[in-house]
Amino acid sequence: MEPTDTDERLIKRTWTAFWRITLFLILWALFYAPALLLIDFEPPDGRAAISREVRLYLELIGALAVIAAAWLLTRIVDHRAFVSLGFASRGAVRDLLIGLVFGSAMISLSVATLWSAGWAETVPVLTFSWPVLGVMGAAILFNSVIQEVIVRGYVLQTIERQFNVSVAVIASSVFFAMLHAGAIAEGGILPAVNLFAAGVLLGLAYTTTRNLWLPIALHFSWNFLQGPVLGIAVSGQALDSGWQVLNLKGPAIFTGGSFGLEGGLVATLVTTLGIVALIAAGRRPGQHGSLTVPGPG
């Protein structure tokens with residue numbers, strides 16, 4: 001059977017999105033790789049985990065590398081301004097504040113649900129350090145920037161330019177879940193579903209505002225409160241500050257167990273509510289973003 005014009009256009013658009021995203025990831029890796037050569041990943045004390053200071057260094061360099069790669073690709077390949085990636089100043093402060101409140105509310109609702117079911121209890125904090133909390137907060141902020149620039153920035157927007165916003169949100173959410181494949185392999189199907197749903201939530205946070213400020217702040221507040229503040233695992237990683245405020249003791253299918261909240265049904269429920277809220281917000285008259293963007297002309 002001969003390929004139709006529609007098939008050829010689909011193949012061309014898929015290939016265009018693929019090579020641009022691949023080039024972006026390669027550039028990011030090339031910019032990031034030299035920083036890794038300076039790190040000793042086998043600490044003298046034999047611990048497998050890297051120190052908080054090394055984590056901060058890696059996340060900072062990773063964020064600078066991904067911004068450099070995005071700047072080159074948007075300017076040279078896409079022929080558009082870097083700020084079009086989602087860094088316009090319009091509404092930045094408002095979106096950042098909304099994201100912080102939104103993410104905090106989602107964590108609070110998750111904890112309140114677990115608490116009311118008797119699946120969470122507080123743990124006395126014997127040690128506390130503002131400098132340590134600051135280091136971990138900065139590391140998580142840079143990590144949030146990395147993930148949002150990659151996924152909701154270049155990947156989602158490149159796919160959208162070739163297809164449409166629905167395909168872009170779904171495909172980028174699959175990509176987002178794949179970024180956590182190592183952790184998902186240990187956690188099972190539910191963490192994969194929840195991370196996909198989180199990708200949809202963050203994708204809608206971008207498409208609603210057409211800026212990355214909201215998804216960055218939302219992503220940061222969820223991870224920061226869950227890891228460094230409460231001492232809960234974040235997608236299977238120990239990102240605590242050296243203390244634990246909350247102990248999850250209920251069924252793992254609800255609490256997420258050792259994977260963290262993203263591994264349980266409570267997170268599924270809360271993320272779904274967040275998606276519904278963002279869809280409703282995107283449909284309000286006068287909203288400066290849009291959830292329905294036509295495909296390329």
Side-chain angles (χ1 to χ4, degrees), residues 21-22 24-29 31-32 35-36 50 55-71 73-74 82 85-87 95-96 99-100 102-103 106-107 136-160 168-184 187 191-192 194-209 211-228 233-239 259-263 267 271 274-275 278:
I21 291 171
T22 301
F24 168 69
L25 294 175
I26 290 174
L27 275 177
W28 175 52
F31 290 151
Y32 193 21
L36 301 179
I50 61 176
R55 183 181 296 278
L56 175 59
Y57 164 77
L58 292 174
E59 301 293 6
L60 171 59
I61 300 302
L64 294 175
V66 81
I67 289 172
W71 184 87
L73 267 292
T74 52
F82 172 73
L85 198 69
F87 291 108
D95 291 348
L96 286 170
L100 292 174
F102 197 178
M106 289 180 65
I107 280 288
M136 289 304 298
I140 286 179
L141 175 60
F142 293 135
N143 180 264
S144 299
V145 170
I146 292 171
Q147 294 192 53
E148 293 312 311
V149 171
I150 291 175
V151 185
R152 263 60 64 174
Y154 204 80
V155 171
L156 186 154
Q157 293 174 41
T158 298
I159 296 173
E160 182 183 3
V169 170
I170 292 172
S172 64
S173 298
V174 172
F175 181 81
F176 180 67
M178 290 172 61
L179 287 180
H180 300 80
I184 288 174
N194 284 347
L195 285 167
F196 171 79
V200 173
L201 174 75
L202 294 165
L204 291 175
Y206 164 73
T207 60
T208 300
T209 62
N211 268 325
L212 292 176
W213 307 119
L214 178 58
I216 286 174
L218 200 166
H219 197 152
F220 165 76
S221 58
W222 173 276
N223 285 355
F224 177 65
L225 291 176
Q226 184 177 197
V234 180
S235 298
Q237 299 183 70
L239 299 179
F259 192 85
L261 288 174
E262 292 96 342
T271 303
I275 290 171
L278 282 176

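Side-chain contact between Leu212 and Asp95: absent, with no pair of heavy atoms (C-beta onward) separated by less than 4.5 Å. Annotation: side chain of Arg55 is not in contact with side chain of Asn143 (no heavy-atom distance under 4.5 Å). Contact annotation: the side chain of Leu100 approaches that of Phe220 to within less than 4.5 Å [non-hydrogen atoms, C-beta and beyond]. Counting heavy atoms from C-beta on, the side chains of Phe175 and Ile159 never come closer than 4.5 Å. The shortest distance between side-chain heavy atoms of Gln226 and Met106 does not fall below 4.5 Å. The shortest side-chain heavy-atom distance between Leu261 and Trp222 falls under the 4.5 Å cut-off. In this structure, the side chains of Leu201 and Leu218 come closer than 4.5 Å at one or more pairs of heavy atoms. Taking 4.5 Å as the limit, some side-chain heavy atom of Val169 sits within range of a side-chain heavy atom of Val200.
Going from atom OG of Ser172 over to atom CD1 of Ile150 covers 12.5 Å, rounded to the nearest 0.5 Å. For the atom pair Ser221 OG and Leu141 CG, the distance stands at 11.0 Å (nearest 0.5 Å). For the atom pair Tyr154 OH and Leu85 CG, the distance stands at 9.0 Å (nearest 0.5 Å). Distance check, rounded to the nearest 0.5 Å: CD1 of Ile21 to CG of Leu25 gives 7.5 Å. Separation of atoms OG1 (Thr207) and CG (Leu278) is listed at 8.0 Å; rounding is to 0.5 Å. Between the CD1 atom in Ile146 and the CD1 atom in Ile61 there is a gap of 9.5 Å [rounded to 0.5 Å].
At a cut-off of 3.5 Å, with distance as the only test, no side-chain donor of Asn194 or Glu262 sits close to an acceptor on the other residue.
In this view, Ala29 satisfies the side-chain contact (heavy atoms from CB on, under 4.5 Å) rule with no residue, not counting sequence neighbours. Residues that satisfy the ring-ring contact (aromatic ring centres under 6.0 Å, His included) test with Tyr206, not counting sequence neighbours, are absent from this structure. Every ring-ring contact (aromatic ring centres under 6.0 Å, His included) that Phe87 has, sequence neighbours left out, goes to Phe82, Trp213. With sequence neighbours excluded, the residues that form a side-chain contact (heavy atoms from CB on, under 4.5 Å) with Ala65 are Trp28, Phe31, Tyr32. Every side chain to side chain donor-acceptor pair (under 3.5 Å) that Glu148 has, sequence neighbours left out, goes to Arg152, His219.
The minimum heavy-atom distance between Gln147 and Phe176, with the atom names listed, is OE1-CE1, 3.1 Å. Nearest heavy-atom pair, Pro215 versus Leu202, reported as atom, atom and distance to 0.1 Å: O-CD2, 3.6 Å. Contact record, Ile170 with Phe196: O-CE1, 3.6 Å, taken as the closest heavy-atom pair. Across all non-hydrogen atoms, the minimal contact from Gly199 to Ser173 is C-OG, 3.0 Å. Of all heavy-atom pairs spanning Ala69 and Leu27, the tightest one is CB-CB, 4.0 Å. Here the closest heavy-atom approach between residue Leu156 and residue Gly203 is recorded as CD1-CA, 4.0 Å.
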**Request:** Apply side chain to side chain contact (heavy atoms under 4.5 Å, CB included) to the pair His180 and Gln237, showing each step before the final yes or no.
**Result:** CA-CA 10 Å; His180 300 80; Gln237 299 183 70; 5.5 Å; no

**Request:** Given side chain to side chain contact (heavy atoms under 4.5 Å, CB included), test Phe224 with Leu239 step by step and report yes or no.
**Result:** CA-CA 9 Å; Phe224 177 65; Leu239 299 179; over 6 Å; no

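Pairs engaging residues 194-207 under the salt bridge (Lys or Arg N to Asp or Glu O under 4.0 Å) rule: none recorded [sequence neighbours left out].
Remark: side-chain polar atoms of Thr74 are paired, donor with acceptor, to backbone N or O of Trp71 under 3.5 angstrom.
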